[in-house]
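Below is one structure, written out as structure tokens; comments come after it.
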Amino acid sequence: MSATFSQAYLAALQHYEQEMLQRLALLVNIDSGTGQVEGITRIMGYLRSWLETLGCSVTLHDGGQYGPHLVARLRGARSAGGKRFLLVGHVDTVYAPGSALACPFRLDGELAFGPGVIDMKSGVIMALYSLRALLESRFEDFGEICLALNGDEEMGSPSSAPLLWELAQQADVGLVLEPTRSPEIITEARKGADRYLLEITGRAAHSGAEPHRGRSAVIELAHKIVAIDHLHALLPGVTFNVTRLGSSETLNVVPETARCWISVRAYTQEGLDAAAEALEQIASCPSVPGTQARLTRTRGRLPYQATPQVRALVALARLEAQALGLELLAEAKGGVSDANLLMQAGLPTLDSLGPVGGKMHVLHEEFLRIPSLALRGALLAGLIRQLALQAHSTEASAEAPASS
């Protein structure tokens with residue numbers, strides 16, 4: 001069996017636990033919902049200071065209305081040929097201003113609570129201490145470790161996507177710090193996502209005096225929503241979620257316009273394209289005569305699929321997990337993350353390498369399982385070292401002279 005490293009880092013990370021929790025409390029108690037620039041800027045300031053103390057070179061990149069994005073670089077001793085890692089996390093949350101005051105960081109046994117505690121401020125803190133453990137073990141047999149932290153992931157990374165794409169071109173492996181529900185689970189695939197706007201135009205009329213002259217856009221939209229829901233049976237594995245219904249008319253008028261938004265997710269591009277064809281068919285066939293529909297597709301994240309390169313990463317992660325007594329399971333998930341973007345940029349990526357917790361996006365219930373900070377941090381550190389060793393071994397084999 002190949003050498004493993006994660007077990008060697010576990011004790012160090014357990015030793016850091018109280019300090020990790022103190023810093024996590026500091027970040028959780030700062031409001032940083034997407035677009036809350038003041039809080040995101042404060043958090044990035046703390047992270048910059050802590051990372052520079054580790055020896056990283058840190059730059060902040062202007063994210064406009066989303067606040068700054070942070071890039072920290074740690075150079076190894078193998079600048080030529082060494083493995084280059086890109087670790088990705090985010091500091092924004094889904095919560096409104098005032099959430100940190102209403103629900104501050106608190107501990108309850110082996111659980112920690114607070115807005116963003118698992119999604120994903122604890123993953124960010126864990127990554128810092130995994131780097132610290134690696135450095136204190138005098139590990140330097142790599143090309144570069146780059147840590148990218150953005151402040152707009154919960155909105156689909158609209159301002160940080162070009163930065164992440166650029167960083168992906170400079171790396172060999174992507175490791176995303178999203179949380180997991182179990183210490184034995186990581187993510188090897190995610191659905192892609194498109195969104196649609198479906199707009200219906202009918203004919204207005206007085207709803208009491210002459211409703212027969214009207215053509216209700218709302219009734220037509222209702223027919224189409226039911227038809228869209230039936231697509232789940234026709235396209236297994238593809239999900240359609242209709243949301244944000246709207247109509248512009250008052251109560252005493254047969255509505256002339258109506259609209260809804262649709263989120264479509266699928267594990268393959270073929271699934272997304274099949275959904276597009278099905279939605280176009282529904283849009284083109286009116287149930288209420290005299291109504292018309294317009295469907296607008298906005299392409300989102302492409303599916304993140306388990307390629308052979310990704311499965312090779314999974315195999316090494318399993319090796320390190322076994323040293324920690326874990327039987328690792330790599331699964332596919334319906335939600336999207338920045339891993340979709342890294343894979344689209346051509347970077348083999350593993351996701352959900354962060355700590356364990358749950359109730360994400362539920363203000364008073366979101367939680368972190370505290371022992372997982374050290375356990376999953378050790379897995380991350382061991383995986384980085386294992387990947388660096390594999391790269392070094394491959395290079396040494398290539399340079400070895402052929403036997404006569």
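- Exactly one of L324, L375, L13 qualifies for a side-chain contact (heavy atoms from CB on, under 4.5 Å) with S6. That residue is L324.
- A donor-acceptor pair under 3.5 Å links the side-chain atoms of N29 to the main chain of F105, judged by distance alone.
- Judged purely by distance below 3.5 Å, without hydrogens or angles, the side chains of S160 and D152 pair a donor atom with an acceptor atom.
- Between the CZ atom of R385 and the CD atom of E320 there is a distance of 10.0 Å, given to the nearest 0.5 Å.
- Residue R73 qualifies as enclosed at atom CZ: its count of foreign heavy atoms under 6.0 Å is above 12.
- Here CZ of F85 is found 11.0 Å from CG of L347. Values are rounded to the nearest 0.5 Å.
- In this structure, R42 places its CZ atom where only 12 or fewer heavy-atom neighbours from other residues, nucleotides or ligands lie under 6.0 Å away.
- Here the CG atom belonging to L175 is positioned 9.5 Å from the CD1 atom belonging to I145, to the nearest 0.5 angstrom.
- Side-chain contact, Q281 with E277: no donor N or O sits under 3.5 Å from an acceptor N or O.
- Panel note: side chain R318, backbone L328; a donor-acceptor pair is recorded below 3.5 Å.
- Ion pairing of D141 with R78 is present here, as a side-chain N (NZ or NE/NH1/NH2) and a carboxylate O approach within less than 4.0 Å.
- Between F113 and F367, the two ring planes are tilted [angle within 30° to 60°].
- Remark: E110 CD is loosely packed, at most 12 non-hydrogen atoms of other residues, nucleotides or ligands lying under 6.0 Å away.
- With a 6.0 Å radius and a threshold of 12 heavy atoms from other residues, nucleotides or ligands, L101 has its CG atom at or below the threshold.
- The NZ atom of K121 sits 5.5 Å away from the OG1 atom of T93 when rounded to the nearest 0.5 Å.
- Within 6.0 Å of CD on E136 lie more than 12 heavy atoms contributed by other residues, nucleotides or ligands.
- With a 6.0 Å cutoff to the six-membered ring centre and a 45° limit on the axis angle, K191 counts as a cation-pi contact of Y267.
- Between the CG atom of N241 and the CZ atom of R195 there is a distance of 13.5 Å, given to the nearest 0.5 Å.
- Salt-bridge formation is detected for the pair K224/E220: a Lys NZ or Arg NE/NH1/NH2 atom is positioned less than 4.0 Å from an Asp or Glu carboxylate oxygen.
- A salt bridge links R294 and E199; the closest N-O separation between the charged side-chain nitrogens and carboxylate oxygens is under 4.0 Å.
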Decide yes or no on side-chain hydrogen bond (donor to acceptor under 3.5 Å, both in side chains) for D92 and S32, but give the supporting numbers first. CA-CA 5 Å; D92 61 318; S32 60; over 6 Å; no
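- Contact detail for V356 and S372: the closest heavy-atom pair is N-OG, 2.9 Å.
- Around NE2 of H15, the count of heavy atoms belonging to other residues, nucleotides or ligands within 6.0 Å does not exceed 12.
- The backbone N or O of G98 sits less than 3.5 Å from a side-chain atom of D31, completing a donor-acceptor pair.
- In this structure a side-chain-to-backbone donor-acceptor pair under 3.5 Å is present from R376 to P183.
- Under 4.0 Å is where a charged nitrogen must lie from a carboxylate oxygen, and between E331 and R190 no such pair does.
- Between E256 and R203 no salt bridge is recorded (no basic side-chain N to carboxylate O distance below 4.0 Å).
- Side-chain contact between L128 and L147 is present, with at least one heavy-atom pair separated by less than 4.5 Å.
- Counted by atom type alone, H90 and D338 present zero donor-acceptor pairs between their side chains at under 3.5 Å.
- Within a 6.0 Å sphere centred on CD of E140, heavy atoms belonging to other residues, nucleotides or ligands number 12 at most.
- By the 6.0 Å and 45° rule, R132 stacks over the aromatic ring of Y16.
- Of the charged side-chain nitrogens involved, none lies within less than 4.0 Å of a carboxylate oxygen, so that E144 and R84 do not count as a salt-bridged pair.
- Looking at E19 and Y129, their side chains do bring a donor and an acceptor atom within 3.5 Å of each other.
- If you take CD on Q390 and CG on L319, they are separated by 8.0 Å, rounding to the nearest 0.5 Å.
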